[in-house]
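Working notes for the structure below.
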Amino acid sequence: MIFKEFSATKKRLFRVMDDQGKIISPSHLPEISNELLIKAFQDMLFARTADQMIVSYQRQGRIFTYPPNLGQEAIHSAVAQVIKHDDWLVPAFREMGAWLAKGVTLKDLFLYFMGNETGGSFSSAHNMFPVSVPIASQLPHAAVIGYAIKLKKLDQVVYAFTGDGGTSEGDFHEALNFAAVWKVPVVFIIQNNQFAISVPLRMQTVSDSLAIKAQAYGMPGLQVDGNDFFAMFAAIKEAEEHTRTGNGPVLIEAVTYRQGAHTTSDDPTKYRTREEEEAWQKKDPVNRLRNYLIDKKLWEESREEELISQFRKEIDRIFVEAENHPSYPLEDVFQYQYAEMPDDLKRQKIEHERFLEWSRSRTKKEVAR
Amino acid sequence: MIFKEFSATKKRLFRVMDDQGKIISPSHLPEISNELLIKAFQDMLFARTADQMIVSYQRQGRIFTYPPNLGQEAIHSAVAQVIKHDDWLVPAFREMGAWLAKGVTLKDLFLYFMGNETGGSFSSAHNMFPVSVPIASQLPHAAVIGYAIKLKKLDQVVYAFTGDGGTSEGDFHEALNFAAVWKVPVVFIIQNNQFAISVPLRMQTVSDSLAIKAQAYGMPGLQVDGNDFFAMFAAIKEAEEHTRTGNGPVLIEAVTYRQGAHTTSDDPTKYRTREEEEAWQKKDPVNRLRNYLIDKKLWEESREEELISQFRKEIDRIFVEAENHPSYPLEDVFQYQYAEMPDDLKRQKIEHERFLEWSRSRTKKEVAR
Amino acid sequence: MKIMNMVNAINDALDIKLKEDPNIVVYGEDVGVEGGVFRVTEGLQKKHGADRVFDSPLAESGIVGTAVGMAAAGLRPVVEMQFCGFVYPAFNQIISHVSRMRNRTRGKYTMPIVIRVPYGGGINALEHHSESMEALYAHIPGLKVVIPSTPADAKGMLISALESPDPVMFMEPKRIYRAIKQEVSEDSYSIPLGKGKILHPGTDVTVIAYGAMVREVQKAMVMAKEAGISVELIDLRSIYPIDKELLASSIKKTGRVVFVAEEPTAFGVGAEIMAIANEEAFLYLQAPPKRVSAFDTIVPLPKGEHHYLISPEKIFYEIERTAKF
Amino acid sequence: MKIMNMVNAINDALDIKLKEDPNIVVYGEDVGVEGGVFRVTEGLQKKHGADRVFDSPLAESGIVGTAVGMAAAGLRPVVEMQFCGFVYPAFNQIISHVSRMRNRTRGKYTMPIVIRVPYGGGINALEHHSESMEALYAHIPGLKVVIPSTPADAKGMLISALESPDPVMFMEPKRIYRAIKQEVSEDSYSIPLGKGKILHPGTDVTVIAYGAMVREVQKAMVMAKEAGISVELIDLRSIYPIDKELLASSIKKTGRVVFVAEEPTAFGVGAEIMAIANEEAFLYLQAPPKRVSAFDTIVPLPKGEHHYLISPEKIFYEIERTAKF
Ligand SMILES: Cc1ncc(C[n+]2csc(CCOP(=O)(O)OP(=O)(O)O)c2C)c(N)n1
Ligand SMILES: Cc1ncc(C[n+]2csc(CCOP(=O)(O)OP(=O)(O)O)c2C)c(N)n1
Ligand SMILES: [Mg+2]
Ligand SMILES: [Mg+2]
């Protein structure tokens, strides 16, 4: 009913708690067990810890470019608590908490950001697409996994992510339209973190909201406070039920803020103010949920420190493991391009190996001299 | 105020007259002089006559493929009465009446559909783009002519056409978004003629209307009875004023019906019923306006016959002129590709001429034998 | 055996595979009720249901993009691009996903997608309706690009494409859609992709062509024969992978190469053929390999197309010049 | 004269022309406030105003498509595509409109558009960030495709592009954006498009390269010199139009050709070079022209990129083999 009550056409943001973590709309507080709630919070903590460590690994030159998730964790955790084993996840590239829920191992994740393809396939994650770097191009994929689900009468839904910037691409439009016309089970989630690299939302679109774009496709649209775990959880839950029961796709705009840089090569001070950043830090999703939990005596600050240091150890152990992972052989450049390697590729490989042999013998000669 | 009163969000179709040509909403009857109204009607008659003659020329094998306009003339005539000399027209390919208003000569038009590029540039039409065959790809052009207008502080607006099918393309989305964000003077007109070749609207989109897609871009959207000249004229007028005075783009969905085939190579009986066709013929825009005019004693049936036979003579004269137009030389294949012909192209031309010479001498030899 | 033109043969291949493989779905603009603007999918929706043969919204990127999702989810989509000139909106999906998903996911997701593309000139078409852009696809790692020149090949090659574990750009020379009729087996049979075919053995000049140009070369061969030149005609059939072995052995035999295609010349398939002639048979070349392909301009509208199209006479002219070099 | 890297030089060219020509507008994703992700447009918005240097929504087809409209209306848009791998969504606009508007309208509307494209590998980038797809553009009639290899060339060639009456794909080898510094004139000067340049005269082997590969060839030349091989190095600079005259005269002199590029090999620029070697200098060739370019696979992520990138040693290896043939 949230989708009706807060339909994007009404221009109301759906929130359950305030910026301090006080419940402001008890009637909308979703049913969720204390266990699951604590798990959801721990998931957020874990993702945040991993995220921050990756950023520092990057500063140490141990991985390449990385897009920080800081501040957007409630969205990912909400999906994580709802998504089922057979459901599909079609990621953009900034929703680590959701990936982990689908079974992506930290090691694969590290390998990928270390620039090792072996990780990028997320082989252990069932029914999950790889990261999609070309903005919004993943959305048509999501749209039509749904068609396959319908055709095969499977009990699955698809969760698809994009950013606010992604809504400007033609593929956003085509994907949502296909999904609506074909009435398939997809939950489209826009992480509106206010920026596409340096470009602020107002230069991206002047529509009343991003959620209202759902109108263009005849699907329900909802604008949610993406830093409010309860609101996100309730929205995802309702979206999931709606779409799983054959009512077609839905669009959720999760309003949030990218607290970190766009990627580790970006410098946000060039395009936004310290005041803005601080204002949003006050709405931090982890803090809000923590406040709530502490208030309800479900959590203690003391426990957190220990937990995080445990996380850190674990994360670092895996990171070192990933660092020690063998770098991949020449073979791997070739073998996955086609099911059966075309003669031409075979020859390119053989020729290159011949060169490598020559090079080795040349080096030996040099050394011998 | 029509755009407010009939805003797409209210799901109301804007009409002024009924299917018989009776005014049903006198308060919305636009101000228009009798002279202009008669001109508008005659424009529709002329376009329809030309259109029908082209279809029959095509049947006689005298031109190639042609997309008939039958049934959509009120939309074009409304634009024709409002568009100014310096305004831009960015066509799709099915709005002949609007082209003629921009100064496209019938001869050019015929040449184009005869497959002669000389016509296709519409050289006599000031500030008008050529026909855009790749669906919706013209819309980004329209969007940003508006930017040039703004930057140069010109007093111009842009009229851009697309079909209902065109709304599914990514370029529709990107164009409307750019125009809205950059707040430029563009009137986007969707001719919703119910079909994209054989594909009916319901398989194209399931949004409440096409006009409501304006919501996704934060611009006004209006659904108009496209077979009602008064409604179209009022809508275009208001859109023009709105956008010319710096309020940004607007979207008009003109609801109509393609009474003819998609093109002369199409057979509509494969995908629609005779009943449907007949139902729409009853709403024919020319008949509706004629009824009104006769009722108001502004027109007599007798006058029409003579006028049309005059039109036919004129059209046929020009058609024959176009048929006698010299076919274009080899030179023309090459000379317009670049401002200065690259050496490579020059050589391709020279080599081909050498071949042609050889071919001629060979033929002579054959003849001599 | 049954007399079929290429439209019938492609339709037959789709029909057979739709029956055999429940994962195949066929869609695109107007392919359902209408049966495609060229009637290639005519009757398939009636036979196999609107779930498996259907119309899509008018959006090429969406059509190919959705095929990616379907393929990952275990289906085998066959999508139609209405004309070669309208594939461009789908380029991002083709290059960024279709062609590389297997590699990027180390084989986790594969893309058994067939993209059907009617292409080529000579049909008195509107602008944007006569393009021959096979070279663009051939340059993209991960795609297969094939082009039949006869109904029988079209059927066998399409069946192979529909069994291919990797994406195939299946380009259909629309100029000969209905122009060539021949006996075609009604059975399911396949012709391996990646293999060319010697259509006519010869000793003086190797002529390499594909699609609608094969027939034009055959016309030129009548003149060549009169002139006493023995032509070996190769139908390339597969642009990528390209049959270097076949090309090399023929070129080594004749020492002379003429390549014939509708595409614009610069940076086209012809350039790759020239490269192959050198890389594979340098010491055997007795004349510079020659490209007979289109000018580097857009295809003119019908009234100018005769300037642009490759005529049998022009092919003969170049064959003769190469033979006499 | 001032020491500049390529980023500075391009920025300087834009700055000069923005001053000179009021019709120039510069836009794209992040080019305004941020000054571009590579900082190429840094400071230009401050200097020339947000009306003329600005950010656009994230939509490449929209960016190029709007440039078409601007050009027709008398402006001279310079748009940035953030990476070569992200041009694909704009292909339809580039092929269907940018490249052919002049021809379709018989010169009524022209397209003086510059599309800037940072391209190439070797920068430890994410997937889709290392592509070299110049061949795709070179095959499209109506475009010019140019690639500088030094800051000074970048400036002069960009100024020419900004004065070109026709659309230019201005491809920037991002690997050497900051790696090469040199004295560059602060004046406005132009280097004609369509002309290559002999960087180093030689007699044994003609080596043809462009962009970031020029520097790699120069490294290989040290080895070649040691081995007693005299290399003539040509910086192609313009992929289309291509400087056949220069290529022909050099190849006629040396009789041997090695082409070096980052692009995937099959159906690439290299193929055209092989074709030109044959068409222009067949009787002079003493060894098969050789392509040293990338495998026909996607560019690996950084950890695998060393397998894929063209090394100076590999270039030398092929130069030597060709010289000794
Ligand atoms: C098609 C395409 N164009 C440009 C880029 C470069 N790019 C990477 S991320 C990004 C901004 C994305 O913004 P948004 O969708 O809001 O996601 P966010 O980064 O904020 O999570 C851009 C422009 C790209 N990856 N793909
Ligand atoms: C990009 C592209 N895809 C496909 C086509 C083929 N095509 C020509 S017209 C048409 C249907 C257009 O429908 P609509 O936009 O409703 O315009 P209408 O023909 O009804 O006026 C199609 C699919 C095309 N011209 N361009
Ligand atoms: Mg964002
Ligand atoms: Mg229509």
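Letters A, B, ... are given to chains in the order of the sequence lines, protein chains preceding strands, and every chain is numbered from 1.
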By a 4.5 Å heavy-atom criterion (distance strictly below it), what part of [X] contacts chain C: side chain, backbone, both, or neither?
| X | value |
| --- | --- |
| B:H262 | neither |
| B:F64 | side chain |
| B:R354 | both |
| B:P342 | neither |
| B:Y112 | both |
| B:I135 | side chain |
| B:D344 | side chain |
| B:L330 | both |

Counting only heavy atoms closer than 4.5 Å, note whether [X] contacts chain B via side chain, backbone, both or neither.
| X | answer |
| --- | --- |
| C:S61 | neither |
| C:F295 | both |
| C:V299 | backbone |

B:D266 and B:R258 ion-paired at < 4.0 Å: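 Yes.
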
Electrostatic pair C:K290:B:E351 at N-O distance under 4.0 angstrom: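 Yes, C:K290 and B:E351 are salt-bridged.
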
query: Counting N and O atoms only, with roles assigned by atom type, does the side chain of B:H141 sit under 3.5 Å from a partner on the main chain of B:S137, one being a donor and the other an acceptor?
result: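 Yes: the side chain of B:H141 pairs with the backbone of B:S137.
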
Under 3.5 Å, is there a donor-acceptor pair linking the side chains of [X] and [Y]?
| X | Y | result |
| --- | --- | --- |
| C:E134 | C:Y119 | no |
| B:Y57 | B:E323 | no |
| B:Q204 | B:S168 | yes |
| C:D296 | B:Y338 | no |
| B:E95 | B:W99 | yes |

task: May I ask you to name which of B:V131, B:T167, B:V199, B:D332 has the most heavy-atom pairs under 4.5 Å with chain C?
output: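 Heavy-atom pair counts peak at B:V199.
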
Option in B:K270, B:E169, B:Q337 with maximal non-hydrogen atom pairs under 4.5 Å from chain C: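 Top count of heavy-atom pairs under 4.5 Å with chain C: B:E169.
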
query: Taking C-beta and beyond as the side chain, do B:P134 and C:Y88 meet within less than 4.5 Å on heavy atoms?
result: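 The answer is no, as the side chains (C-beta and beyond) never meet within the 4.5 Å cut-off.
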
Heavy-atom side-chain contact between B:K213 and B:T205 under 4.5 Å: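 They are in side-chain contact.
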
Pairs of heavy atoms under 4.5 Å with chain B: top-ranked of [options]:
| options | answer |
| --- | --- |
| C:I298, C:V33, C:D30, C:T265 | C:D30 |
| C:P302, C:S311, C:G32 | C:P302 |
| C:E305, C:K314, C:E60, C:H129 | C:K314 |
| C:R321, C:R39, C:E318 | C:R39 |

message: Given the ring of B:F195, does B:R272 sit roughly above its face, with NZ or CZ under 6.0 Å from the centre of the six-membered ring and within 45° of the axis?
response: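 So B:R272 does make the cation-pi contact.
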
